[in-house]
Amino acid sequence: MSQPDNFIAPDVALVLEGGGMRAAHTAGVVASLIEHEVWLPYVCGLSAGASNAINYIARDADRTRRCFVEIAGDKRFGGFGSFVCHNGFFNSDFLYIEAIEDGTLPMDWDAYQANPTKLRIQSFERDTGRDVTWTRADTTDPLTTAALVRASSTMPFVMNPISLGGQVMLDGGLGTGAGIPLHMAEEDGYERFLFVTTRPAGYRKSPMHRGQRGLLRRLCAGQPHLFESLDTRAERYNAALDHVEELERQGRALVIRPESMPIQNTETNVERLRAVFDQGHALAEREMDRWIDWLTR
């Protein structure tokens, strides 16, 4: 596929929420954007949104699907057996590095390098509570890129973390935005946004009750920044969604939401993941003309 000479909307940022395997729906949307050659100049994401962002830049609709559907059928993907063997519920070593090295999820590095779309992804330093973000300049080769995406995607207690620069890195959704990466695009000067979320309209997170907070405090013993982030996440996430909806009312954001979300972020069933991917892809196919009208106005 040839690279675009011009972007369809040079003033619009593509913003991709995380959500673990719920991002199979986002993958369906992103695959359709690629197939329709809807090229935007900037994409930001965190957690599973970082994976979708990389695949969008690589212009690889097939890999976009395989990262959230077929990969779950590989025995190395994860599950309770993987967790018991201390590889994490999701096997991070396989998903981000080994799958590229052994050809399970090859990356079209030439296409990625040739694409001028800008990138920003976010991670969270466990022991400092600091946000860390990376751009295209940091994605110097396929395995380095995979390591950064892994750092952005490591759900605490579910996946084994990675250490970068002497710091243990966790899911970017723990930091600023609480899972909504819009702030990165705003900080980089964008004022119009194509925002793809993994939650239906009207969704808000519920705060933890007392028992949940007590359990969390024990799980996070010795990790106060992680506890604080998780303890305040519902309030911060809901505030970020309020901001998204205000931009939507102003006509500055086009928000793509799933009509329903029948799976959790830890889904491992290939057929259920395929159904959610197909749901996102079908939504995009129905709405693409409207989206393009908005992008090009």
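For this chain, numbers begin at 1 and follow the sequence in order.
With hydrogens and angles left out, the side-chain atoms of T145 and Y112 include no donor and acceptor closer than 3.5 Å. For N52 and T26, the side-chain atoms include no donor-acceptor pair closer than 3.5 Å.
M184 and W134 end up in different hydrophobic clusters when Ile, Leu, Val, Met, Phe, Trp and Tyr side chains are linked at under 4.5 Å. Under the 4.5 Å side-chain heavy-atom criterion for ILVMFWY residues, no single connected hydrophobic cluster contains both V255 and L295. F7 and V12 fall within the same hydrophobic cluster, where Ile, Leu, Val, Met, Phe, Trp and Tyr residues are linked whenever their side-chain heavy atoms come under 4.5 Å apart, directly or through other members. There is a path of hydrophobic side-chain contacts, each under 4.5 Å, that joins L283 to I34. Under the 4.5 Å side-chain heavy-atom criterion for grouping Ile, Leu, Val, Met, Phe, Trp and Tyr, V168 is not connected to F227 through any hydrophobic cluster.
A distance-only check finds no donor-acceptor pair linking the side chain of S32 to the backbone of V29 [under 3.5 Å]. With hydrogens and angles disregarded, no donor-acceptor distance shorter than 3.5 Å links the side chain of S47 to the backbone of G173. Looking only at distances, a side-chain donor or acceptor of H209 sits under 3.5 Å from a matching main-chain atom of G211. The backbone N or O of L33 lies less than 3.5 Å from no partner atom in the side chain of Y56, so there is not a single donor-acceptor pair.
E186 contributes atom CD, which lies 9.5 Å from atom CD of E191 (distance to the nearest 0.5 angstrom). Separating the CG atom in L216 from the CG atom in L226 is a distance of 7.0 Å, to the nearest 0.5 Å. Atom CD1 of residue I97 and atom OG1 of residue T144 lie 8.0 Å apart, to the nearest 0.5 angstrom. Atom CG in D278 sits 11.0 Å away from atom CG in L273 (nearest 0.5 Å). In this structure, CZ in R150 is found 12.5 Å from CE in M169, a value given to the nearest 0.5 Å. Taking CZ from R126 and SG from C220, the interatomic distance works out to 10.5 Å, rounded to the nearest 0.5 Å.
Between R233 and D171, no side-chain nitrogen of the basic residue sits less than 4.0 Å from a carboxylate oxygen of the acidic one, so the salt-bridge criterion is not met. Contact check on R236 versus E228 returns no salt bridge, with no Lys/Arg side-chain nitrogen under 4.0 Å from an Asp/Glu carboxylate oxygen. Remark: E70 engages R65 in a salt bridge, criterion side-chain N to carboxylate O under 4.0 Å.
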Worked verdict on N55 versus R63 for side-chain hydrogen bond (donor to acceptor under 3.5 Å, both in side chains):
CA-CA 7 Å; N55 291 329; R63 190 178 196 272; 2.8 Å; yes
In sequence, state the C-alpha distance, the side-chain angles, and the governing distance for T198 and H25, and then conclude on side-chain contact (heavy atoms from CB on, under 4.5 Å).
CA-CA 7 Å; T198 61; H25 189 278; 5.7 Å; no
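The two residues Y237 and Y203 come nearest to each other via the heavy atoms CE2-CE2, 3.8 Å. Shown here for L46 and G172, the closest heavy-atom pair between the two residues is CD2-O, 3.7 Å. Contact record, P181 with E17: CD-CA, 4.0 Å, taken as the closest heavy-atom pair. For the pair F193 and A185, the tightest heavy-atom approach, listed with the atom from each and the gap, is CE2-CB, 3.7 Å. Closest non-hydrogen pair, T266 versus F89, comes out as O-CE2, 3.4 Å. Summarising the geometry of T197 relative to F195, their closest heavy-atom pair is CB-CE2, 3.7 Å, with the distance given to 0.1 Å.
Ring-plane geometry between Y42 and Y190 is classed as tilted, the angle between the planes lying from 30 to 60 degrees on a 0 to 90 degree scale.
No more than 12 heavy atoms of other residues, nucleotides or ligands sit less than 6.0 Å from atom CD of E235. Open room surrounds NZ on K118; 12 or fewer heavy atoms of other groups in view lie less than 6.0 Å from it. More than 12 heavy-atom neighbours from other residues, nucleotides or ligands sit within 6.0 angstrom of CZ on R297. Within 6.0 Å of atom CD in Q264, 12 or fewer heavy atoms from other residues, nucleotides or ligands are found, so the atom counts as exposed in its surroundings. Counting heavy atoms of neighbouring residues, nucleotides and ligands inside a 6.0 Å radius, atom CG of D289 does not exceed 12 of them.
Using a 4.5 Å heavy-atom threshold, the side chains of D231 and R213 count as touching. Considering only heavy atoms from C-beta on, R199 stays 4.5 Å or farther from R204 through its side chain.
Put simply, the residue from D131, T232, L230 that forms a side chain to side chain contact (heavy atoms under 4.5 Å, CB included) with L174 is L230.
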